[in-house]
Novice: 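Got a structure here, written out as structure tokens. Questions coming.
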Amino acid sequence: QVHLVESGGGSVQAGGSLRLLCLVSVYSDYALSDYCLGWFRQAPGKEREAVAAADIYGRVDYVDSAKGRFTISRDNDKKTLYLEMNSLTPEDTAMYYCAADYGGRLPLRLLRPDYTYWGQGTQVTVSS
């Protein structure tokens, strides 16, 4: 299996920032650069939704509410995925999950929550 472990969550006041990271363990015959990676979140009473994703070609995409505030990045050598979150609001409160899927995806599929591998999540709480 591919294993993902998130960290960096916590409590922050509205307007603050957090940086999430996800350590990804992949099959020994593969490299992280072969995987699309994404951040998803699930708030109480809501379904899981995409936040941001980065494909194998260097393309990144964001859900509308994250554009201009969040930045997704990856370090394939360190096998780590990052999510820099700025100008946080209470609406960003959720459990944040990182996900991975082997190979490329068409742009319209990048933010779909149908990735193969998922982490256990890290909690982000934003207070007003």
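Here the structure is a predicted model, which is why all the values come from computation and not from measurement.
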Novice: Would Y115 and L4 satisfy side chain to side chain contact (heavy atoms under 4.5 Å, CB included), going step by step from the backbone distance to the final call?
Specialist: CA-CA 12 Å; Y115 283 53; L4 306 97; over 6 Å; no
Novice: Between the main-chain N or O of K67 and the side-chain N or O of D64, is there a donor-acceptor pair closer than 3.5 Å?
Specialist: no
Novice: Between Q42 and A94, which heavy-atom pair has the shortest distance, and what is it?
Specialist: O-CB, 3.4 Å
Novice: If every non-hydrogen atom of V51 is compared with every non-hydrogen atom of Y96, which pair is closest and at what distance?
Specialist: CG2-CE2, 4.1 Å
Novice: Quick check: does any side chain N or O of Y62 sit under 3.5 Å from a backbone N or O of I72, one acting as donor and the other as acceptor?
Specialist: yes
Novice: With a 6.0 Å cut-off on ring centres, are Y27 and Y102 close enough?
Specialist: no
Novice: Would the number of heavy atoms belonging to other residues, nucleotides or ligands and lying under 6.0 Å from CD of Q120 be above 12?
Specialist: no
Novice: Is it true that R105 and D114 have a side-chain N and a carboxylate O under 4.0 angstrom from each other?
Specialist: yes
Novice: Please tell me whether D75 and T80 have a donor and an acceptor in their side chains that are separated by less than 3.5 angstrom.
Specialist: no
Novice: Where is the tightest heavy-atom contact between L32 and K79, given as atom of each residue plus distance?
Specialist: CD2-CA, 3.3 Å
Novice: On the ring face of Y97, is R48 found with NZ or CZ under 6.0 Å from the centre and within 45° of the axis?
Specialist: yes
Novice: Within the 4.5 Å heavy-atom criterion, are Y82 and L20 side-chain neighbours or not?
Specialist: no
Novice: Could you give the distance from CG (N86) to OG (S17), rounded to the nearest 0.5 Å?
Specialist: 3.5 Å
Novice: Can you confirm if the aromatic rings of W118 and F40 lie within a centre distance of less than 6.0 Å?
Specialist: yes
